[in-house]
Amino acid sequence: MTDPFAGFKAIQKEAWSLFTPMEVFTTPSAARLVNFAGVAAGQRLLDVGCGTGVVAITAARRGAKVKGLDLSPVLIGRAREHAQLVNLDVDFRDGDAESLPYGDDEFDVVLSQFGHMFAPRPEVAIVEMLRVLKPGGTIAFSTWPPHLYVGRMFALIARHVPPPEGVASPVLWGDPKIITERLAGKVKDLSFEMDIMMPSALSPQHFRRTMESAIGPVIKLVAQYKDEPDKLRSFRAEFDALTSEYFDRSNNVMRQQFLMTKARKA
């Protein structure tokens, strides 16, 4: 069957290939997700949308038997380098969250840190993640609430570059009400916890420059406006104004709150 979003995913794959520098920020929050999920030695674990492998490596260090999957072969290459550095046996491969290349009930734990939320069809991604999870197994993920910084940033980007028809907003995965609806009847013991990521920055403009070099949707938008300087200037002014609301000038950090969700497969 032809994937109606194959073109969209190809663009995503290319845009997110530059994400590697952001791992310095996502590494501490990876440990928080692994802790929140209660990962233990011997568990079979899948990291969906694993990026540079920060969650997968953290879980493998605890003795879990880990596999990781991401749409970007570039990021998978980086993840393999991280595993080799510490002689960890982690099975990384590039692939699609909407079509996981694993068997039914294969894993004790399925995790995703800011990954599965970018799959265009949430209903397909969650069915796949739960399909490969054994009954009673733990699913846990970190996402960006729509009313906080990163959620508002993606909404700003979508106003300038609307997603293709049928592609769900990734930040809806940060709304507990919508998460509850999407998981209804499929899980039990659903719980939520807020946490915060505090990447360093010298100014809102400095942080924007980082985003423009590493965050897929921002890279795509800047490229789209390369011949329209007025539109690019307008976007950057909006971006800086939003960022200023969350920039902690006294500590040179951004305040980026995120939501962690955990449940057991029914």
Side-chain angles (χ1 to χ4, degrees), residues 22-23 25-70 75 79 82-83 86 88-93 95 97 100 102-119 122 125-145 150 170-176 178-180 182-197 256-266:
M22 301 303 292
E23 69 188 13
F25 302 145
T26 58
T27 294
S29 57
R32 290 175 208 158
L33 179 61
V34 169
N35 292 338
F36 180 65
V39 173
Q43 288 183 317
R44 297 162 300 161
L45 183 146
L46 175 64
D47 180 9
V48 177
C50 65
T52 62
V54 293
V55 168
I57 299 293
T58 304
R61 285 202 338 257
R62 295 198 171 187
K65 300 170 184 175
V66 181
K67 296 183 179 183
L69 173 135
D70 197 272
L75 300 186
H82 288 324
V86 282
L88 286 171
D89 181 18
V90 181
D91 177 11
F92 287 114
R93 67 169 79 176
L100 296 174
Y102 308 107
D104 296 354
D105 308 333
E106 185 173 333
F107 298 98
D108 303 299
V109 183
V110 173
L111 302 181
S112 184
Q113 175 172 246
F114 316 125
H116 81 288
M117 60 185 283
F118 290 103
I126 200 62
V127 163
E128 276 293 274
M129 290 169 75
L130 290 171
R131 176 185 65 79
V132 302
L133 182 63
K134 73 174 187 181
T138 298
I139 182 170
F141 46 82
S142 299
T143 50
W144 301 111
V150 178
V171 301
L172 293 177
W173 273 117
D175 183 336
I178 290 175
I179 294 170
T180 301
R182 288 176 175 174
L183 298 181
K186 303 179 181 72
V187 303
K188 53 191 175 184
D189 302 332
L190 180 62
S191 63
F192 303 100
E193 186 174 305
M194 291 293 295
D195 210 319
I196 190 166
M197 181 189 296
Q256 297 182 194
Q257 288 180 287
F258 60 92
L259 176 71
M260 294 188 294
T261 300
K262 176 173 62 176
R264 290 193 298 130
K265 180 177 173 179

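Worth saying up front: this structure is predicted, and the values here are computed from it rather than measured. Just so you know, residue 1 is the first one in the sequence shown, and it goes up from there.
Taken from CD1 in I179 to CG in L190, the straight-line distance is 7.5 Å, to the nearest 0.5 Å. Note that OG of S112 and CZ of F118 are 9.5 Å apart. Values are rounded to the nearest 0.5 Å. Interatomic distance, K186 NZ to I139 CD1, rounded to the nearest 0.5 Å: 10.5 Å. With rounding to the nearest 0.5 angstrom, the CZ atom of F92 is 8.5 Å from the NE2 atom of H82. The distance from the OG1 atom of T138 to the NZ atom of K265 is 12.0 Å, given to the nearest 0.5 Å. If you take CE on M194 and CG on L259, they are separated by 6.0 Å, rounding to the nearest 0.5 Å.
K262 is not listed as a side-chain neighbour of F192, based on a closest heavy-atom distance of 4.5 Å or more. A heavy-atom distance below 4.5 Å is not found between the side chains of F258 and E193.
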Query raised in the report: Do L88 and V66 pass the side chain to side chain contact (heavy atoms under 4.5 Å, CB included) test, and can you show the C-alpha distance, the side-chain angles, and the key distance before you say yes or no?
Result: CA-CA 10 Å; L88 286 171; V66 181; over 6 Å; no
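In terms of modelled atom types and a separation under 3.5 Å, the side chain of R131 and the main chain of Y102 share a donor-acceptor contact. Remark: the backbone N or O of D70 is not paired with any side-chain donor or acceptor of R93 at under 3.5 angstrom. Remark: side-chain polar atoms of R61 are not paired, donor with acceptor, to backbone N or O of V86 under 3.5 angstrom. At least one donor-acceptor pair under 3.5 Å links the side chain of T143 to the backbone N or O of W173. The backbone N or O of L100 sits less than 3.5 Å from a side-chain atom of E128, completing a donor-acceptor pair. A distance-only check finds no donor-acceptor pair linking the side chain of Q113 to the backbone of S142 [under 3.5 Å]. In this structure, Q43 contributes its side chain and V109 its backbone to no donor-acceptor pair below 3.5 Å.
Just one residue in the list D105, V110, D104 forms a side-chain contact (heavy atoms from CB on, under 4.5 Å) with L133, and that residue is V110.
The two residues A140 and A37 make their nearest non-hydrogen contact at CB-CB, 3.9 Å. Nearest approach of W144 to Q257, heavy atoms of both residues: CE3-O, 3.5 Å.
Remark: D108 pairs with R44, K134 by the side chain to side chain donor-acceptor pair (under 3.5 Å) rule, at least two apart or across chains. Remark: D89 engages no residue in a side chain to side chain donor-acceptor pair (under 3.5 Å) (not counting sequence neighbours).
Contact check on K67 versus E106 returns a salt bridge, with a Lys/Arg side-chain nitrogen under 4.0 Å from an Asp/Glu carboxylate oxygen.
Between F141 and F114, the ring centre distance reaches or exceeds 6.0 Å.
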N/O donor-acceptor pairs under 3.5 Å from side chains in residues 45-60, not counting sequence neighbours:
{"residue": "D47", "atom": "OD2", "partner": "A56", "partner atom": "N", "Å": "3.2"}
{"residue": "T52", "atom": "OG1", "partner": "E23", "partner atom": "OE1", "Å": "2.9"}
{"residue": "T58", "atom": "OG1", "partner": "V54", "partner atom": "O", "Å": "2.6"}

